[in-house]
Amino acid sequence: MSTKWSKSYLFTLRDAPADAEIPSHQLMSRAGLIKKVAPGMYTYGNFALRAIRKMETIVREELDKRGCTEILMPMVHPAELWQETGRWKKMGDGLLKFKNRNGHDFCLGATHEEVVTDYVRRDVKSYRDLPVTLYQIQTKYRDEIRPRFGLMRGREFSMKDAYSFDANSEGALKSYDTMYDAYKAIFNRLGVEFRIVQADAGAIGGSKTHEFQLLAEAGEDHLMVCDTCDYAANVEIAPSYGGNAPNASHVDVITSFKAGSEPKNWHQMEAFETKGLKQISTLAKSLQMKESDLVKTLFFSANSGLDPADKDLKPFAVLLRGDDELNPIKLKNALGLSHEPLMLTDQEVKDNSGAWPGSCGPVGLKMPIYVDEGLVGRENFIVGANRDAEHLKNVNFGRDFKAEKVADLRKARVGDLCPNCKKGHYKSYRGIEVGHVFYLGTVYSAAMQANFLTQEGESKPIEMGCYGIGVTRTVQASIEQNHDKDGIIWPMGIAPYRVHIVALDPENVEVMQAVEIVARDLESRGHDVFIDDRAERPGVKFKDADLLGLPVRINIGGRGLQNGEVEIIARKTKEMQKVKLEDAVERASSLIRSLFPTVKA
Ligand code: ATP
Ligand code: MG
């Protein structure tokens, strides 16, 4: 059935709401796709819902085909399940918690590891019951601190979440690969441009994880992509220095220096005055050196977060090249922390080092010092003296201060060598995380005693993986990636309708007959059709058609029909062809095929 605008519920707007900062949010609002109910909560209009349903169909087809089983879990969860894994506390305010009339604690489902693990532990007893992958498409609630960009970061949103259960890690990694392939197929079918990137696995569980990122300028994620091979990583973890561990003997000098072993070219350490030179840039200028030749000292504090007894924050220092930026996630991982460390305030720096920031350095510090790999091989360098307005020169590792550990701690940069092919270099892109695959190991199953009996009769926790796709985020991200100044350009895979027929003279019986016939024939070929039959001026209808962004438009009007002609327009290129009425369906179908080759018609 085609849909007529006059009978549907669709209101387009000239202006976007003031809080819509990015194009996709503005366009979705103007096209009547979403309407804000409260921050991070939206009513989806019919066009948005149709796109969501199409996406869900693609997801179901690709997962079912690969042997996954769909279920549906509750949205309200009892606190007890989340307490079993410790996440009732750990998730903090992200979980929306409340009590029911009996005073029992509940939360809204932000994710479903606990509930699905509980489900499986009740049934799965033996290795014969494995492997299994369960999934659902469901509303999630996360009490995001700052919901923004419409459906991109909502509080209530739709997610496809899947969970795999295997007897061993090899099996789990196979399930992981299957889901990875399914995701590739899903995003290809949507017709969007995406990259699969390596990502931070955090402190929990397994070690393997990939993010599926839709490339778009407004993306919140920063990606490093090789210009030669297909390597790509979230900048959170992208290795620097081509991923090469530095020369071991150089590292030895840093971490296990022995007095008397210093090379002849190491000069005597000396202090000099640097009044007013607090920034690396001004210091470099005054010394006529490059910023990269200077060494900067940063101060942080952290507890491990892994041991509940460990409550005291302990300060430590990090040394980097003067022009490098610290990557807090690399630091967290290198130190095995569960949270990113906090930067010390200026006052704390002064209290701990003896000087205000700008004159600090490693010599004489009473705290662990971590060194970025970029400094390996440095000799006779300049650092703050830990006395205001003073620096030291000819400072050397081991002799003048002791370093705890050398690691890759800096934020990777455009132009860094690719760690995979070691030929190409990083280019930088912005991405929107639309999907995430994660090998979990046994963190949840062990915490919740989801065990099974192996062939040998041994009881073991089940190996797990979890896999998410943000359905509503993907729909908006597709628009973020595919639009122009006039409106949305729907990718064919999730276009709410494939064809938009503009009836130019809806009161003309001949026109409406032609519209009905074309619509019916298009539908018989499997294309859904939206008909603008409103009594509006052509200019208004064309503007709305551009805004709504359905891939193919057909203008049918009285004047054209006098010559037996209609117009077909591709939304993306705005290319227009005049065709005979009787050829319209075939020509529109062939345009659809050319726009999106996997569509059968
Ligand atoms: P982010 O880093 O963007 O907060 P996440 O890593 O916490 O996301 P996951 O737990 O991996 O998210 O959830 C799986 C998918 O759900 C994400 O890849 C994303 O597409 C989607 N998603 C997560 N949070 C939101 C949100 N607040 N609004 C819309 N979609 C979301
Ligand atoms: Mg994620």
Side-chain angles (χ1 to χ4, degrees), residues 22 24-25 28 34 36 38-42 44 48 52 55-56 59 85 87 90-96 108-116 135-163 176 179-180 182-183 186-187 190 192 194-206 208-216 218-223 233-237 328-329 340 430-440 443-444 464-481:
I22 58 171
S24 55
H25 187 186
M28 289 191 86
I34 53 170
K36 184 158 108 182
M41 292 167 233
Y42 291 85
Y44 310 132
I52 290 169
M55 162 127 194
E56 291 175 353
V59 167
T85 61
R87 288 212 293 181
K90 222 183 278 167
M91 292 279 284
D93 292 333
L95 271 188
L96 184 61
L108 288 183
T111 174
H112 279 67
E113 282 82 7
E114 283 78 1
V115 175
V116 78
Y135 78 95
Q136 64 173 350
I137 301 176
Q138 201 223 23
T139 300
K140 295 275 182 280
Y141 190 92
R142 294 184 179 178
D143 223 15
E144 300 274 359
I145 299 176
R146 206 160 74 83
R148 58 191 176 279
F149 307 145
L151 306 187
M152 231 46 129
R153 183 167 299 286
R155 286 190 170 139
E156 185 176 309
F157 58 97
S158 165
M159 196 202 285
K160 185 288 302 171
D161 44 330
Y163 307 89
Y176 180 100
M179 199 57 76
Y180 183 100
Y183 277 29
I186 289 165
F187 291 109
L190 295 183
V192 294
F194 65 99
R195 280 283 186 157
I196 304 171
V197 310
Q198 300 195 4
D200 180 37
I204 296 173
K208 200 171 172 184
T209 181
H210 287 93
E211 289 170 352
F212 286 68
Q213 296 269 358
L214 230 119
L215 303 183
E220 291 186 85
D221 283 300
H222 188 168
L223 315 177
N234 196 311
V235 76
E236 290 179 344
I237 58 121
I329 303 226
E340 286 171 28
R430 286 284 176 166
I432 302 166
E433 182 198 318
V434 286
H436 200 166
V437 291
F438 209 113
Y439 164 55
L440 287 171
V443 238
Y444 292 99
M464 290 174 58
C466 68
Y467 317 91
I469 291 183
V471 174
T472 40
R473 180 184 283 185
T474 304
V475 168
Q476 183 172 334
S478 311
I479 295 174
E480 191 58 44
Q481 190 180 73

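The first residue of the sequence shown is numbered 1, and numbering continues consecutively from there. Both ligands and their constituent atoms are indexed starting at 1 by order of listing. Note that the coordinates shown come from a computational prediction; the quantities given were computed from them, not determined experimentally.
On a distance-only criterion, V434 and ligand 1 share at least one N/O pair closer than 3.5 Å. Not a single N or O atom of T472, backbone or side chain, sits closer than 3.5 Å to an N or O atom of ligand 1. The distance criterion of under 3.5 Å between nitrogen or oxygen atoms is not met by I469 with respect to ligand 1. The distance criterion of under 3.5 Å between nitrogen or oxygen atoms is met by G470 with respect to ligand 1.
Shown here are the protein N/O/S atoms lying under 2.8 Å from the Mg ion (ligand 2), water excluded: E433 OE2, H436 ND1.
The main-chain N or O of V437 is found under 3.5 Å from a side-chain atom of T209 such that the two form a donor-acceptor pair.
Counting protein heavy atoms only, atom 28 (N) of ligand 1 is closest to G154 N, 3.0 Å. Among all protein heavy atoms, the one lying closest to atom 11 (O) of ligand 1 is H436 ND1, 3.0 Å. Among all non-hydrogen protein atoms, the one lying nearest atom 4 (O) of ligand 1 is R153 NH1, 2.9 Å. In terms of protein heavy-atom proximity, atom 22 (N) of ligand 1 is nearest to F157 CE1, 3.6 Å. If you check which protein heavy atom lies closest to atom 19 (C) of ligand 1, you get R473 NH1, 3.4 Å.
The nearest non-hydrogen atom to atom 14 (C) of ligand 1, considering only M159, E220, E211, comes from M159. Between atom 24 (N) of ligand 1 and the options E236, R142, E433, the minimum heavy-atom separation is to R142.
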Next on the checklist: Run the side chain to side chain contact (heavy atoms under 4.5 Å, CB included) test on D143 and L96 for me, step by step, so that the C-alpha distance in whole Å, both residues' side-chain angles and the decisive distance to 0.1 Å come before the verdict.
Outcome noted: CA-CA 6 Å; D143 223 15; L96 184 61; 3.8 Å; yes
Next on the checklist: Pair D200, N234 - check side chain to side chain contact (heavy atoms under 4.5 Å, CB included), show working.
Outcome noted: CA-CA 8 Å; D200 180 37; N234 196 311; over 6 Å; no
Checklist entry - Is there a side chain to side chain contact (heavy atoms under 4.5 Å, CB included) between Y180 and I196 once you walk through the steps? => result CA-CA 9 Å; Y180 183 100; I196 304 171; 3.5 Å; yes
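Ring-plane geometry between F187 and F194 is classed as tilted, the angle between the planes lying from 30 to 60 degrees on a 0 to 90 degree scale. In this structure, H210 and Y176 have tilted ring planes: the angle between them lies in the 30° to 60° band.
Residues that satisfy the side-chain contact (heavy atoms from CB on, under 4.5 Å) test with A48, not counting sequence neighbours, are L33, Y44. When the side-chain contact (heavy atoms from CB on, under 4.5 Å) test is applied to V235, the partners found at least two apart in sequence or on another chain are H222, M224, K411. Residues satisfying the side chain to side chain donor-acceptor pair (under 3.5 Å) criterion with E113, sequence neighbours excluded, are R87, T111.
Heavy atoms of L151 found under 4.0 angstrom from ligand 1 belong exclusively to the backbone. With a 4.0 Å heavy-atom cut-off, ligand 1 is reached by the side chain of E144 but not by its N, CA, C or O.
Using a 4.0 Å cutoff on heavy atoms, M152 counts as a contact of ligand 1. Using a 4.0 Å heavy-atom cutoff, T111 is absent from the residues neighbouring ligand 1.
Distance check: M28 CE to T472 OG1 gives 9.0 Å after rounding to the nearest 0.5 Å. Atom CD1 in I237 sits 8.5 Å away from atom CD in E211 (nearest 0.5 Å).
Closest approach of Y135 and A162 over heavy atoms only: CB-CB, 3.6 Å. The heavy-atom pair separating H25 from Q476 by the smallest distance is N-NE2, 3.5 Å.
Salt bridge status for R148 with E220: present, with a side-chain N to carboxylate O gap under 4.0 Å.
Per-residue contacts place G435 under 4.0 angstrom from the following atoms of ligand 1 (heavy atoms of the residue considered): 18 (O).
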